[in-house]
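Sharing a structure, written as structure tokens. Questions coming.
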Protein chains: 2
Amino acid sequence: MKENTTEYVILGILRNKSRTGYDINKVVKTRLGPFWDINYSQIYPTLRELEKGGAITKRVEINERGQNRNVYSITNEGKNKLKEWLLKPAKPEKHKIELMLKIGFGEQVSNTELIKQVQAFRERHVAQLENVYRIENELKAQLDQNEANYFMLLSVELGAKFHLSAVDWADTTITKLRSRDK
Amino acid sequence: MKENTTEYVILGILRNKSRTGYDINKVVKTRLGPFWDINYSQIYPTLRELEKGGAITKRVEINERGQNRNVYSITNEGKNKLKEWLLKPAKPEKHKIELMLKIGFGEQVSNTELIKQVQAFRERHVAQLENVYRIENELKAQLDQNEANYFMLLSVELGAKFHLSAVDWADTTITKLRSRDK
DNA sequence: AATGACATGTAAGAGGTTACATGATTGT
DNA sequence: ACAATCATGTAACCTCTTACATGTCATT
């Protein structure tokens, strides 16, 4: 039993708006990226599979520049498929945090090097925090326009908490490492 | 350029103690698991590769039960390899949080179902928090015995922050979803 | 003339999961 | 008798990343 989550990410993104593969990628990068990233080499083949299975339909449109684009729309079948998946228990969270390994084995290198690593980590998460706040503001501004935004906002708030605690940990840890130096 | 992180996880675990593949797996599950999981089908082949490359050596021992076990030890070469890796910038963090997708697309299902999902998420993270606290206590109790424990403790504290904010988010979100019901 | 956005894809390889396979010893 | 722990592995499959490949249009 293969449960291909990529399919459901795409169905979810198409659930209230038709889009091209290119558009789907943009939504993933700007909204889901840090918590469920996928890329073109997964998106395009999966779109064809979903179409073959009847969950979405394709129509060829021409954009403002006169270029062809394949616009995909969810079908009722696809919407049901999505809903069924939403009811199933979510898979446990998985994380790959290389920095935790590098700090955990940290007695092998100098404090200066560790501080550098933590600072880079901090910067990554500050950047992602800013991104999350931008998304939050966008969603809040459109809360009355679409009920879906409320739920996306709940989801994004978890991201905000994660990134905040990452920055927080980094600050504490840099201080600790610095005081150890003396 | 393949940078196989599994190799470095293993070198890191072997850096201050010789162990079997079975032992390495236990360390991963009990200490690194939530932030960098690997399993037997990665561990055993990688041990053989590291041995072939001269980073570790194998010797066959017999345990208290009289069973054979392959005990691996890090070499100087392996320690240098580990240190070089520790100095390289850590790869950006990656997360797979299916729950965020399920909440994000949540207007498709009932509030009751969403609350169930968030509760399950909460329970997962409460369990992991307890685990992290147990590890913290173990490490704190042995802080003077081994300098390495100090760094592992720093690393584990990030885990504690993550799980705490997950539980926190879950509580807030369950309240929000319940009040929406009425 | 160059850059960035729009647009769609493939191939190869690396990384990771799950199921299978086996067998001894220890504790309840 | 049964479950847990110790111990080592393979095979098949799925997922994911990276590099390659191409072309248009709009803006600077």
Side-chain angles (χ1 to χ4, degrees), chain A residues 1-10 13 18-30 32-52 56 58-72 91-98 101, chain B residues 1-10 13 18-30 32-52 56 58-72 91-98 101:
Chain A
M1 186 186 296
K2 38 136 211 207
E3 186 190 273
N4 184 350
T5 309
T6 303
E7 289 192 350
Y8 298 99
V9 174
I10 291 177
I13 291 172
S18 301
R19 301 177 197 260
T20 64
Y22 184 85
D23 289 338
I24 290 169
N25 183 64
K26 263 179 45 181
V27 173
V28 169
K29 299 304 171 201
T30 58
L32 312 178
F35 300 103
W36 201 284
D37 199 17
I38 52 175
N39 48 49
Y40 288 136
S41 64
Q42 292 160 276
I43 292 170
Y44 286 117
T46 305
L47 281 170
R48 287 192 294 270
E49 273 165 45
L50 285 169
E51 195 197 359
K52 207 163 40 172
I56 61 176
K58 177 174 95 172
R59 71 173 185 282
V60 179
E61 281 189 4
I62 292 167
N63 71 2
E64 312 102 41
R65 299 168 164 190
Q67 293 168 309
N68 270 6
R69 39 190 256 139
N70 302 332
V71 179
Y72 292 92
K91 289 192 211 139
E93 291 64 43
K94 268 170 218 162
H95 310 271
K96 291 274 163 185
I97 307 185
E98 221 190 59
L101 301 173
Chain B
M1 183 188 300
K2 37 137 210 208
E3 186 190 273
N4 185 349
T5 308
T6 302
E7 290 192 350
Y8 298 99
V9 175
I10 291 177
I13 291 173
S18 300
R19 301 177 197 262
T20 65
Y22 184 84
D23 289 338
I24 290 170
N25 182 64
K26 262 180 45 181
V27 173
V28 169
K29 300 305 172 202
T30 57
L32 311 178
F35 300 103
W36 202 285
D37 200 18
I38 54 176
N39 48 49
Y40 288 136
S41 65
Q42 292 160 277
I43 292 171
Y44 287 117
T46 305
L47 281 170
R48 287 192 294 270
E49 273 166 44
L50 284 169
E51 195 198 358
K52 209 164 37 172
I56 60 177
K58 177 173 96 172
R59 70 172 185 284
V60 179
E61 282 189 4
I62 291 167
N63 71 3
E64 311 103 42
R65 298 170 166 188
Q67 293 168 309
N68 271 6
R69 38 190 255 137
N70 303 332
V71 180
Y72 292 92
K91 289 193 212 137
E93 292 63 44
K94 268 170 217 161
H95 310 271
K96 291 274 164 186
I97 308 182
E98 220 189 62
L101 300 173

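In the text below, chain A, chain B and the rest are named by the order of the sequence lines, each starting its count at 1. Keep in mind that this is a model prediction, so the values were computed, not measured.
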#### Entry: C/dC6 phosphate, OP1 or OP2, under 4.0 Å from A/Lys26 side-chain N/O
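Affirmative; the distance criterion is met.
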### Which atom of B/Tyr8 lies closest to which atom of B/Glu3, heavy atoms considered
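Here B/Tyr8 and B/Glu3 meet closest at CE1-CG, 4.1 Å.
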### Message
Tell me the interatomic distance from B/Asp23, atom CG, to D/dG9, atom P, rounded to whole angstroms.
### Response
14 Å
### Between P of C/dG16 and CG of B/Asn25, the distance in whole Å
15 Å
### Query
What integer distance in Å separates A/Lys58:NZ from C/dT8:P?
9 Å
### Message
Tell me every residue that passes side-chain hydrogen bond (donor to acceptor under 3.5 Å, both in side chains) with B/Glu51, counting only those two or more places apart in sequence or in another chain.
### Response
none
### Task
Search all heavy atoms of B/Gly21 against all heavy atoms of B/Tyr40 and return the closest pair with its distance.
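Scanning both residues, the minimum pair turns out to be O-CE2, 4.2 Å.
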Just the atom pairs and distances: protein N or O near nucleotides 25-28 of chain D's N or O, under 3.5 Å.
none

#### Entry: Non-neighbouring partners of B/Phe35 that pass ring pair (Phe, Tyr, Trp, His ring centres under 6.0 Å), sequence neighbours left out
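For B/Phe35, the residues satisfying ring pair (Phe, Tyr, Trp, His ring centres under 6.0 Å) (neighbours in sequence not counted) are A/His95, B/His163.
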### Task
Grab the NZ-P distance between A/Lys29 and C/dA5 for me, whole Å please.
15 Å
### Query
Hey, does A/Asn70 reach any base, or is it just sugar-phosphate, or nothing, if we go heavy atoms under 4.0 Å?
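Touches sugar-phosphate only.
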### Message
Whole angstroms only, please: what is the CD1-C1' distance between B/Ile62 and D/dC6?
### Response
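Rounded to the whole Å, the gap is 14 Å.
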### Task
Could you tell me whether the phosphate oxygens of D/dC16, OP1 or OP2, come under 4.0 Å of any side-chain nitrogen or oxygen in B/Lys96?
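Yes, B/Lys96 has a side-chain N/O under 4.0 Å of OP1/OP2 on D/dC16.
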### Message
At 10 degrees resolution, what angle do the end axes of the helix from C/dA1-D/dT28 to C/dT28-D/dA1 form when each is taken over five base pairs?
### Response
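Computed from the C1' atoms at both ends, the axes differ by 40°.
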### Query
Under 4.5 Å between any side-chain heavy atoms of A/Lys96 and B/Thr5, yes or no?
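A/Lys96 does not reach B/Thr5 side chain to side chain.
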#### Entry: Test log, rule side-chain contact (heavy atoms from CB on, under 4.5 Å), inputs B/Leu47 and B/Asn70
CA-CA 10 Å; B/Leu47 281 170; B/Asn70 303 332; over 6 Å; no
### Query
To the nearest angstrom, how far is B/Glu98 atom CD from D/dT15 atom C1'?
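After rounding, the gap between these two atoms is 14 Å.
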### Query
Is the phosphate of D/dC6, meaning OP1 or OP2, less than 4.0 Å from a side-chain N or O of B/Tyr22?
yes
### Message
Using a heavy-atom cut-off of 4.0 Å across all strands, would you classify A/Lys94 as base, sugar-phosphate, or nothing?
### Response
sugar-phosphate
Nucleotide N/O to protein N/O under 3.5 Å, stretch nucleotides 10-12 of chain C:
unit_1	atom_1	unit_2	atom_2	d
C/dT10	OP2	A/Arg48	NH2	2.7

### Message
Is any side-chain heavy atom of A/Asn68 closer than 4.5 Å to one of A/Ile62?
### Response
yes
### Query
How far apart are the closest heavy atoms of A/Val71 and A/Ser18, and which atoms are they?
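It is CG1-CB, 3.7 Å.
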## Note on the structure
Between A/Lys91 and B/Asn68, whichever has its closest DNA chain D nucleotide further toward 5' is B/Asn68
### Message
Would the distance check show the side chain of A/Lys29 and the main-chain N or O of A/Pro34 forming a donor-acceptor pair, the cut-off being under 3.5 Å?
### Response
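Here the side-chain-to-backbone pair does not exist.
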### Query
How long is the line joining NE2 of B/His95 and P of D/dC16, in whole Å?
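From B/His95 NE2 to D/dC16 P: 15 Å.
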### Query
Less than 4.0 Å between a side-chain N and a carboxylate O, is that true for A/Glu61 and A/Arg59?
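Between A/Glu61 and A/Arg59 there is a salt bridge, with a charged N closer than 4.0 Å to a carboxylate O.
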### Query
To the nearest Å, how far apart are A/Glu3 CD and C/dG16 C1'?
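Spelled out: CD on A/Glu3 to C1' on C/dG16 is 17 Å.
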### Task
For A/Asn4, report the nucleic acid contact type (base, sugar-phosphate, nothing); a contact means any heavy atom under 4.0 Å.
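Answer is sugar-phosphate: A/Asn4 comes under 4.0 Å of backbone atoms only.
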### Among A/Ile10, A/Thr6, A/Ile13, the one residue meeting side chain to side chain contact (heavy atoms under 4.5 Å, CB included) with A/Val28
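Testing each of A/Ile10, A/Thr6, A/Ile13 against A/Val28, the sole residue satisfying side chain to side chain contact (heavy atoms under 4.5 Å, CB included) is A/Ile13.
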### Task
Please tell me which of the listed nucleotides, D/dT18, C/dT17, C/dA7, lies nearest to the side chain of A/Asn39?
D/dT18
### Query
For B/Thr30, which residues count as a side-chain hydrogen bond (donor to acceptor under 3.5 Å, both in side chains) partner, sequence neighbours excluded?
none
### Message
Does C/dT8 have OP1 or OP2 under 4.0 Å away from a side-chain N or O of A/Thr20?
### Response
yes
